[in-house]
Amino acid sequence: MKGQQASDLQAIEALLMQYFDGLHRADIALLDSIFDPDARLYAPGIRRSKQQWLDLVANRPVPEKLGHSFDYQVLAIERCGEQAMAKVSCPLLGARFIDYLGLLKEGGNWRIVAKQYADNPFETPM
């Protein structure tokens with residue numbers, strides 16, 4: 001059981017690294033591959049489908065091309081069986097977002113099924 005827990009944690013951490021890479025490079029194909037097709041995204045006053053969000057990412061400035069540093073961080077991962085929550089810090093385009101990512105393991109693969117995000121109110125803007 002412990003081996004499976006460690007393996008799942010490693011898989012979740014790898015998925016989060018892909019998430020950070022996808023955000024930093026605006027890699028829509030990568031982001032699309034790690035989100036469930038029915039994923040929803042939520043922020044205060046905002047509700048989006050995965051496709052609406054991917055369209056926004058595709059049409060905004062690309063942090064990597066702007067020379068922004070890769071300072072994304074995993075703050076916490078809580079796993080219970082085949083579900084998990086990850087809290088991550090994402091410095092993007094002059095703001096530092098805190099994302100709560102809901103993940104499910106289905107068919108042997110972890111995918112992001114929900115994303116809640118907002119500016120970090122405890123940090124001054126970058």
Any pair counted as side-chain hydrogen bond (donor to acceptor under 3.5 Å, both in side chains), so long as it reaches residues 35-47, sequence neighbours left out: none
Do Val88 and Val113 sit in one hydrophobic cluster, given that two such residues count as connected whenever their side-chain heavy atoms are within less than 4.5 Å of each other, even indirectly? no
Is it possible for you to say whether Ile112 and Val74 belong to one hydrophobic cluster, with membership spreading through side-chain heavy-atom contacts below 4.5 Å? yes
Test item: Pro61 and Leu93 side chains (from C-beta on) under 4.5 Å apart, heavy atoms: yes
Of all residues at least two apart in sequence or in a different chain, which pass the ring-ring contact (aromatic ring centres under 6.0 Å, His included) check with Phe70? His24, Tyr72
Looking at side-chain heavy atoms only, is the closest gap between Leu30 and Ser33 below 4.5 Å? yes
Any side-chain heavy-atom pair of Leu54 and Phe35 under 4.5 Å: no
Group every Ile, Leu, Val, Met, Phe, Trp and Tyr by side-chain heavy-atom contacts under 4.5 Å, then state whether Leu56 and Phe20 land in the same group. no
List the residues meeting salt bridge (charged side-chain N to carboxylate O under 4.0 Å, His left out) with Asp71, not counting sequence neighbours, and say none if there are none. none
List in chain and number order the residues that pass side-chain hydrogen bond (donor to acceptor under 3.5 Å, both in side chains) with Asn109, two or more places apart in sequence or in another chain; answer none if no residue qualifies. none
The side chain to side chain contact (heavy atoms under 4.5 Å, CB included) partners of Ala14 (sequence neighbours excluded) come to none
Once side-chain hydrogen bond (donor to acceptor under 3.5 Å, both in side chains) is applied, do any residues pair with Gln116, and if so which ones, sequence neighbours excluded? none
Which residue pairs pass the side-chain hydrogen bond (donor to acceptor under 3.5 Å, both in side chains) test with at least one member in residues 56-66, sequence neighbours excluded? none
Excluding sequence neighbours, so at least two apart, what forms ring-ring contact (aromatic ring centres under 6.0 Å, His included) with Trp110? none
Which pairs would a plain distance check flag for residues 98-108, meaning a side-chain donor or acceptor within less than 3.5 Å of a matching protein atom at least two apart in sequence or in another chain?
{"unit_1": "Asp99", "atom_1": "OD2", "unit_2": "Tyr19", "atom_2": "OH", "d": "2.4"}
{"unit_1": "Lys105", "atom_1": "NZ", "unit_2": "Asp8", "atom_2": "OD1", "d": "2.8"}

Please, which pairs that meet salt bridge (charged side-chain N to carboxylate O under 4.0 Å, His left out) have at least one residue in residues 9-28, sequence neighbours excluded? Asp21-Arg25, Arg25-Asp27
By side chain to side chain contact (heavy atoms under 4.5 Å, CB included) - contacts of Asp55 (at least two apart): Gln51
